[in-house]
Amino acid sequence: MNIMDHAVDLPVWAALLVSFFLVVGSGLTLIGTIGFSRLPSFYERIHAPTLGTSWGTGGIVMASMIFFTVLATRPVIHEILIGIFVTVTTPVTLMLLARAALHRDRAEGNPDVLAEVSPDEPKRGPALGE
Amino acid sequence: MSQTILAVSLTFAQVCLAIAMALAALRMSRGPRAQDRVLALDTLYVNSMLLLMVFGIRTGKDIYFEASLVIGMLGFVATVALAKFLMRGEVIE
Amino acid sequence: MSGWQQNLIIAPILIPLLAGAILLFFDERQRVVKAMISVVSCLALVAIAVSLFRLASYGPERFEGVYMLGNWPAPFGIVLVVDRLSALMLVLASILAVPTLVYALARWHAAGAHFHSLFQFLLMGLNGAFLTGDLFNLFVFFEVMLAASYGLLMHGSGPMRVKAGLHYIAVNLAAALCFLIGVSAIYGSAGTLNMADLAVRIGEIEGDRRMLLEAGAAILGIVFLIKAGMWPLNFWLPAAYSAATAPVAGIFAIMSKVGIYVILRLSLLVFGQGESAGLGLNVLLYGGMATVAFGTIGVLASQALGRLASYSVLVSSGTLLAVLGLNNGMVTAGALFYMVSSTLTIAAFFLLIELVERGQDAGASVLAVTMEAYGDADEEEQEVEVGVTMPATIAVLGVCFAACGILLSGLPPLSGFVAKFTMLTGMIGSGVSADAPIPASVWWIVALLILSGLAALISMTRAGIRTFWASMEGTVPRVLVMEMAPVLLLIAMTLALTVQAGPVMRYMEETVSGLQQPATYIDAVINARRVGVEEPGGPEGGGGI
Amino acid sequence: MVLVLLVCLPFLGSLAAIMLLRTDSRVLAARMAGAVTFLCLVLTAAVYPAVRSGGKLRLDIEWLPQFGLNFTLRMDGFAWLFAMLIAGIGCLVVLYARYYMSEEDPVPRFFSFLLAFMGSMLGIVLSGNIILLSVFWELTSIFSFLLISYWHNNATARDGARMALTITGIGGFCLLAGLLVLGHIVGSYDLDVVLGAGDQIKAHPLYLTALVLILIGALTKSAQVPFHFWLPNAMAAPTPVSAYLHSATMVKAGVFLLVRFWPALSGTYEWFMLVGIAGTCTLLLGAYFAMFQQDLKGLLAYSTISHLGLITTLLSLGSPLAAVAAIFHMMNHATFKASLFMAAGIIDHETGTRDMRRLSGLYRYLPITGTLAMVASAAMAGVPLLNGFISKEMFFAEAVETHADSMLDRMLPYIATLAGAFSVVYSLRFIHTVFFGPAPLDLPKPKPHEPPHWMRFPVEFLVLACLVVGIIPGLSIGPFLHSAVLSVLGDRTPEYSLAIWHGINTPLIMSMIALAGGVLLYILLKDYLARCDDGPPLFRHLAGQRIFERVLVTVSWKWARWMESRFGTRNLQPQLRLIAAAGLLAGVVPLYMAGFTPAPVAFSGVDPIFAAIWCIGAFCALAAAYQAKYHRLAALVLLGGAGITTCITFVWLSAPDLAITQLVVEIVTTVLLLLGLRWLPKRYEKVDNSVTLAARGRRFRDFLLAVSCGFGMFLLSYAIMKQPVPDAIASYFLEKAYTEGGGRNVVNVILVDFRGFDTMGEIVVLAIVALTVFALLRRFRPAADSIEKPEQQRIQAAYDDERPERSAGDTVRDYLLVPSVIMQWMFPVIVTFAIYLFMRGHDLPGGGFAGGVTMAIAFLLQYLAGGVRWAEDRLRILPLRWMGFGLLVAPLTGMGAWLFGYPFLTSHSQYLDVPFIGKVPMASALMFDLGVFSLVVGATVLILIALAHQSIRTHRVRNLDAPKAEEA
Amino acid sequence: MELVLAIGIGIMTGSGVWLLLRPRTYQVIIGLSLLSYAVNLFIFAVGGVKSNAAPLLGEGVDTSTLTDPVPHALVLTAIVIGFATTALFLVVLLAARGLTGTDHVDGREQPK
Amino acid sequence: MLPYPLLSASLVIMWLALNGFTLGHLILGCIVAVFASWGMASLRPAKPRLRKWYLLPKLVGIVLYDIVRSNVAVASIILGGHRRQFKSGFITVPLDVESPMALAVLAVVVTSTPGTAWLEYNSLNRTVLIHVLDLVDEAEWQTLIKGRYEALLMEIFE
Ligand code: NA
Ligand code: NA
């Protein structure tokens, strides 16, 4: 792979570190997506992609930061912004989506779903099935 | 040496992410429900973003960084709109 | 390039752009201010177009009609080129704009939001398309023009307009995609976007690349044929043109001519000579003939005047296409005359139709019903009762209608006749040597021209009798002088064209002979000198000021 | 000069008359018209010396000289004679019309049309250029249309006028074509040149073409069989019009033309046959039809047809003597026919009817008119001592003497005699039925009396002329006729004599037979004619008019409508199909014709990851296409998948700018489509899956087309990518971007500098679209089934309603409570990022557009988080201001270069050395880009927000509608 | 790379054309979007495709190794215009649907 | 001038991270940050009162650690999906925090941690519905969230 010519000057330790993070990041992401495609219910599937958005992203961000910092011999930290934004924005998506699913399940009277908790019945209520 | 190590790990990473994207795309078309598809799209976005970052490492250029940042920062807007549409049947009320 | 004259070249684009932008700062209720800005802009455009026309008629020796935007030399930057043809189109567009705008001021400009801005942007698009010497820039101006036309077409809303608009937009979006494919295929095989540069390079391109170039050019050609309304790519046109409000349809009269203009420009500049010469001429010839036939059928089959007028647009386009397909200088000169004449005619006719139909109960009540059912009562400006009943209204309308009929059918004494005569003279008349055999296709065109004229005659008498004599009994439409004057002005222009046929035709002939010598155009573009740059290469530090 | 005056005076008079808007200016209009016609007559008479014995007057005014069309006027003896006729009879008709037209008629209009018609007619005879001739020719058609339809509230008048115009219009177009061919043969349109080139014309292969076309013109105008039927229908015109058009002018134009081109075209077998057959048929049929008319004017009309047939027949013979006879008969016919029409008009005027079945014994009321009519009729019948006799004798003589060996020639004497007999019958009938017999019963106007003297005067004058010419032809018409003949025949002018008495010869015998036979026939037919229906036996049902109208309606309406629907469509899908097919063909045909062989497919150098991503992209595209009908949201999401593939491709293949732009646009587009999706109808898969075979066929065709287009694009793009990159303009940009454009990001420098003009256009497109969207949405009305709130909202609202502890809107509030906090805090972050993208554009990926859209997304996000009211309570965006600012800044920046003498958009780039900070790029292009940024923000926000506003607008509409529903 | 991209362009075009010919306005707009992806990629491709050669100038960059920036600029313009026209088409189809009551492209349901 | 100093500072840092550190960019970044925080101010969000902002790093540390742990846990669940049975379920957690900002942070924390998903917050009775992928003991999760995160958040905010 001559495309990696620019990495000639990279010390081996850095290469190893970068590779580690890369493998961890991409591996976690893959696992997450596998989970996403294999888990049986939506509420379970919703957990899977967070592997990618948490340490999946984190790993690759780390790899990138280390790689460019070592290569450019100056701190390159802008990738961290990606990490921050992904972390902050993913919950928004997930919350909204999960809540939408919840609404639909309740509207359809799906018995597996927890109904909204009313003050008089503080814990687990029956499914909103009417 | 570092080249080889990196080449291997980068290839591994790209393959993993590509598979991940493929799985997400499958889920996108399979559903079964709209929220699965939307979540799949979001996942596809994130995976693409990671793929682009890996691509950046592979080319040694940080000019591709903005594309990743755009996905990271703005990608959720489309998903939010989709989710809101599912929940409320209307994006902006 | 230097001097204020040079900056005139870009003015036809900048003036409507700035006018359109300034108009955005005024509220819809400040109608008078908006109208004034718009009118001033249009009048300025006329003045500039006429000056450019005069300058262009001096020929390239005395007026360097190339404008290098951003001071970048020709094949690299975008250039605007004024030659006789583009100057002619500019004049035509601007003199069409004034009457249609004035007409719109009577009532239509208040029928929806942002009429004036859209109108100005349409003019900008038209002028840009006429001026540009760059293929991609042509695309951009096409889009400007089209986008504005979408808005104007649906100006006033209502189911007919919106439905027609939907089809019109869908077709034009498909066409725009073809445009992009064509332009980029040309760029991919020739490596340039500049028309003059392309004309130079096309001679040097060999083998596969030439084939790809031709394929790209052919795809591009489809776009202009769609725009020009060639059968069978023209079914959108009658619906769109007849649904538009009168002033909009009036200015649309020139839009189908943009396609013709580009075909004329490119076919003679790029495909005028060399190995790819005459690419697609047969398509023009037979397609044009089919278009005339279809248009003629449509003219006959139309009951509504709007559709009749729209099909007349097709007849006009088809005639031009077929005639251009003959690739005969004298005929082409006649075709240019015909283009001017038929554009003015059709515009006048579209404007007139609304006034005439205003007197008809059926049409009026339909309008009222749609207004009631679909108008947004709470946001809609009150429909103002305009016009007064003048005693001579019917007479003047009748005279105008007759004039339109005469013009459309090519009867003397108006310019429609001169136009047909000049084309026919070049095809079968004294313009052809007595020994030269006349090919069958020419006879077909002649037959079609005559038949289309006849069809117009039959339809117009039918319609005229129906509207003026059979159903307008007793009801006199309310018409404003402001609405009548534009129609009269347009018809007067056709009369002027007839009287001044000699000088006008001389200009047309010079235009065509200029087009037939692409070298002049190419030289002008390629060798145009940058400001403040001695030699090609540029000064130290960039084209700075 | 006189010529110009002759042609222009009537038109000026016409204009002046039309200006007399007040309809009560009847006398004034008539006086003016009279003055004009009289002046024309005097002028014509005055120039006689110049045209005597072969002289010519000529005037050339350049009109379209390079095309051989000039305003050439030319008067020779023949033209003079005709001009005299036109002006003279015109004068009389004006005088007559002054009394004929009623008080209610808008008389100025009448005189205006009449004068214009006269001018056109004079133009025909005076044209020295054959194209100019056709100009005036068409003008006569137009003005005759207006004259015939003068009483336009009468349906017959309208139909008659339309038919006249259609027929003569067709003829006019053919004539023009024929004249053009003539010009092609001769090389000039000048009449003198054409007349001088007779041999050349007759020898040319296109002679027959030209001849046929010109003949169609002439024969239609002269109402020759089979184009004759328009003339009787034109009788709905006021009688002065008939008198003028159908005696001296309109119909004479056709035979005038035949005479005019006689030297150039006649004398061939084709000429003889074509003109001869038409002429003899017309002669005979016209006369036959005339016998059986019940309408006075109808009788006269058919007799006109017949007499024109006579003239045509004469001209067909090709002998100079026959031509002399033809010219002579033209004059004679004009005089007696004009007088007869006027007499018929007087009868109509006085009795209120023209039906011969109702008229009878009028002599006792109208003795003078009756006498005059009798003399004129006698002239028409060819009774000796009247002018009609002389020219008819000449005709009989020529019919006998000329020999062009053919059936037609051998039959001609018999036909001539028979037609002569017929003419006696109808002339006799005219007189006998109307003036003799018992007094009329139940006339519409019961007390007919002689008209005012000046109304009768024209008849008197013309009858006098008939007599004078009939008795002393040599002294009266002789010299004028001679100069006319001389100018037509030139050195072929034969010896002829206009004597009344040539001894007892064959023609005289024929005349006698015709007279006697005619009288006999009339006696036989008298009783039948008094009762029969209008129209001739045998042909009564073969009414040319009806056939014509039926054909016209069938061809010009039924067929046209059928063909319009057959060869056109009003549906969108076929149109798009055609465009796709046309595009495909345009791409494929040139390649196929040139024998293009695509480069062999090479699998080498394929990046497997890239390939894998494209598998995903292609999958998404296909799935989107599959799902778009029923699973709209799925299609939208899959479209996003295809979009992200595109975006990755841009990154992979070195276009980071494109990737960023594509991404932000992608996001906005998704939101946009979602905003729209709310207003589309619900679509369920189960509803309509009963697919017919035809639908399957259509689908299969579309599928094939889609596959072909896809394959075509694959081939085209592969071929182009495989071509060695041509020596493109790109290298220039790469080299100059930094040194001259002042930026490192070449793409951005192209966008804002090298090709900044494109960008300016592009932002205008965006602005236009935003304005259009805004304008369109102001009138937006959702469909009935979309007005209601979405189902989800209704369920959630109901849920809130049900629980006592909850209040309306709790669900949505809780739903957005936490996310909206994060979305709000993202606002400044995204704004900062937008500014970042904008600022760095010139050197690195980014730019005004990407920055602008990002900014718009920041705003959009707030709308998503809090809804329209919440957001607009806090952010007053005023998109139109942003747009206007952007649209002004961009061009004004470009115009700034003018101040320094540089062309529009010349950029100024420099690095400013600011202390402590270092070099700051100060390209004017940045200013331009600011315009782009501002516009993009404004336009994008305007589009999105205008759409979002529909939700709250419809709530309002719903609220407005609710009380109405209750009332109902 | 060329092959993959060309196949991708072909498939997107095919899908787009298929949708363009469908009777529902929503299908048409999705088709137009797909087609504009395809066309944008086509424009982009005609300049020749190269990986890792973005037309960004830096110290010591050999300009001859960079990709052709012109198609990039053209695509950018095309993206913007495509976005604009998609937006417009959407609004028009909504307006048409509102006025005609159907989402058929012809404003009325076709007989089967 | 500076309605949100912490935000402004963060934006300046972001600007510098994006553009690299130069004096020019510091100045420009400050201008942009001021501009952006004015934008924020116009939204009039509920203004968070950061009491003990220095505890934030502690929270970040805890969360990062938890995320690592749960990454492993969830990954093992997914990979061993067939062999290991797991039971997912909903839990309702009553909350004491009220500040939307604190709630948002909590939501981010819960959701970012694989294995737990924040579904819906009920402002009426201040409970949150959380979905847990591997739900063994409901109470354990409740104490984790309340004790480990909410307490800290209560300290930081208000
Ligand atoms: Na409640
Ligand atoms: Na989580």
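In what follows, every chain begins at residue 1, and chains take the letters A, B, ... in the order their sequences are listed. Since the structure is predicted, the reported quantities are computational estimates derived from the model, not experimental observations.
A/Phe67 has its side chain within reach of B/Leu6: a pair of non-hydrogen atoms, C-beta onward, lies under 4.5 Å apart. With a 4.5 Å cut-off on side-chain heavy atoms, B/Leu23 and A/Arg38 do not count as touching. Within the 4.5 Å cutoff, side-chain heavy atoms of A/Ile82 are placed close to those of B/Met49. Looking only at side-chain heavy atoms (C-beta outward), A/Asp105 and B/Arg33 come within less than 4.5 Å of each other.
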Verdict with reasoning, A/Leu30 to B/Leu17, per side chain to side chain contact (heavy atoms under 4.5 Å, CB included): CA-CA 6 Å; A/Leu30 178 61; B/Leu17 292 171; over 6 Å; no
Is there a side chain to side chain contact (heavy atoms under 4.5 Å, CB included) between A/Leu81 and B/Met73? Walk through the geometry before answering. CA-CA 9 Å; A/Leu81 293 174; B/Met73 186 189 285; over 6 Å; no
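Here the CG atom belonging to B/Leu82 is positioned 10.0 Å from the OG1 atom belonging to A/Thr93, to the nearest 0.5 angstrom. Summarising the geometry, atom CG belonging to B/Leu10 is positioned 9.5 Å from atom OG belonging to A/Ser26; distances are rounded to the nearest 0.5 Å. Note that CG of A/Leu94 is 7.0 Å distant from CG of B/Asp42, once rounded to the nearest 0.5 Å. B/Met28 CE to A/Ser37 OG: the interatomic distance, rounded to the nearest 0.5 Å, is 14.0 Å. Between the CG atom in A/Leu22 and the CD1 atom in B/Ile57 there is a gap of 4.5 Å [rounded to 0.5 Å]. Summarising the geometry, atom CG belonging to A/Leu71 is positioned 10.0 Å from atom CG belonging to B/Asp62; distances are rounded to the nearest 0.5 Å.
A side-chain N or O of B/Ser9 and one of A/Ser19 form a donor-acceptor pair less than 3.5 Å apart.
Comparing B/Val38, B/Leu69, B/Val46, B/Asn47 by heavy-atom pairs within less than 4.5 Å of chain A, the highest count is held by B/Leu69. Per-residue heavy-atom pair counts under 4.5 Å with chain B were compared for A/Thr53, A/Leu96, A/Val86, A/Leu97, and the maximum is reached by A/Leu97. Between chain A and the residues B/Val15, B/Thr43, B/Leu26, B/Val8, the largest count of heavy-atom pairs under 4.5 Å involves B/Thr43. Comparing A/Ala72, A/Gly83, A/Pro49 by heavy-atom pairs within less than 4.5 Å of chain B, the highest count is held by A/Pro49.
For A/Ile34, the parts lying near chain B are the backbone and the side chain together; criterion is any non-hydrogen pair under 4.5 Å. In this structure, the portions of B/Ser68 lying under 4.5 Å from any heavy atom of chain A include both its backbone and its side chain. Contact annotation for A/Val61: both backbone and side-chain heavy atoms come within less than 4.5 Å of a heavy atom of chain B. Residue A/Ala48 does not touch chain B at all, counting heavy-atom pairs closer than 4.5 Å. Contacts of B/Asp36 with chain A are made by both backbone and side-chain atoms, with heavy-atom separations under 4.5 Å. Heavy atoms of A/Phe68 lying under 4.5 Å from chain B belong exclusively to its side chain. Using a 4.5 Å cut-off between heavy atoms, B/Val80 touches chain A through backbone and side chain atoms alike. With a threshold of 4.5 angstrom between heavy atoms, B/Leu50 approaches chain A through its backbone and through its side chain. Both the backbone and the side chain of B/Ala40 come within contact range of chain A, each with at least one heavy atom under 4.5 Å from a heavy atom of that chain.
Across A/Ile46 and B/Leu39, no two heavy atoms sit closer than the pair CA-CD2, 3.9 Å. Shown here for B/Ile5 and A/Ala15, the closest heavy-atom pair between the two residues is CG2-O, 4.0 Å. Summarising the geometry of B/Phe65 relative to A/His78, their closest heavy-atom pair is CZ-O, 3.4 Å, with the distance given to 0.1 Å. Residues B/Ala83 and A/Ala100 come closest through the heavy atom pair O-CB, 4.0 Å.
Stacking of B/Arg27 on the aromatic ring of A/Phe36 is recorded, both the 6.0 Å distance cut-off and the 45° axial limit being met.
With hydrogens and angles ignored, the 3.5 Å screen pairs no side-chain donor or acceptor of A/Arg99 with any backbone N or O of B/Met87.
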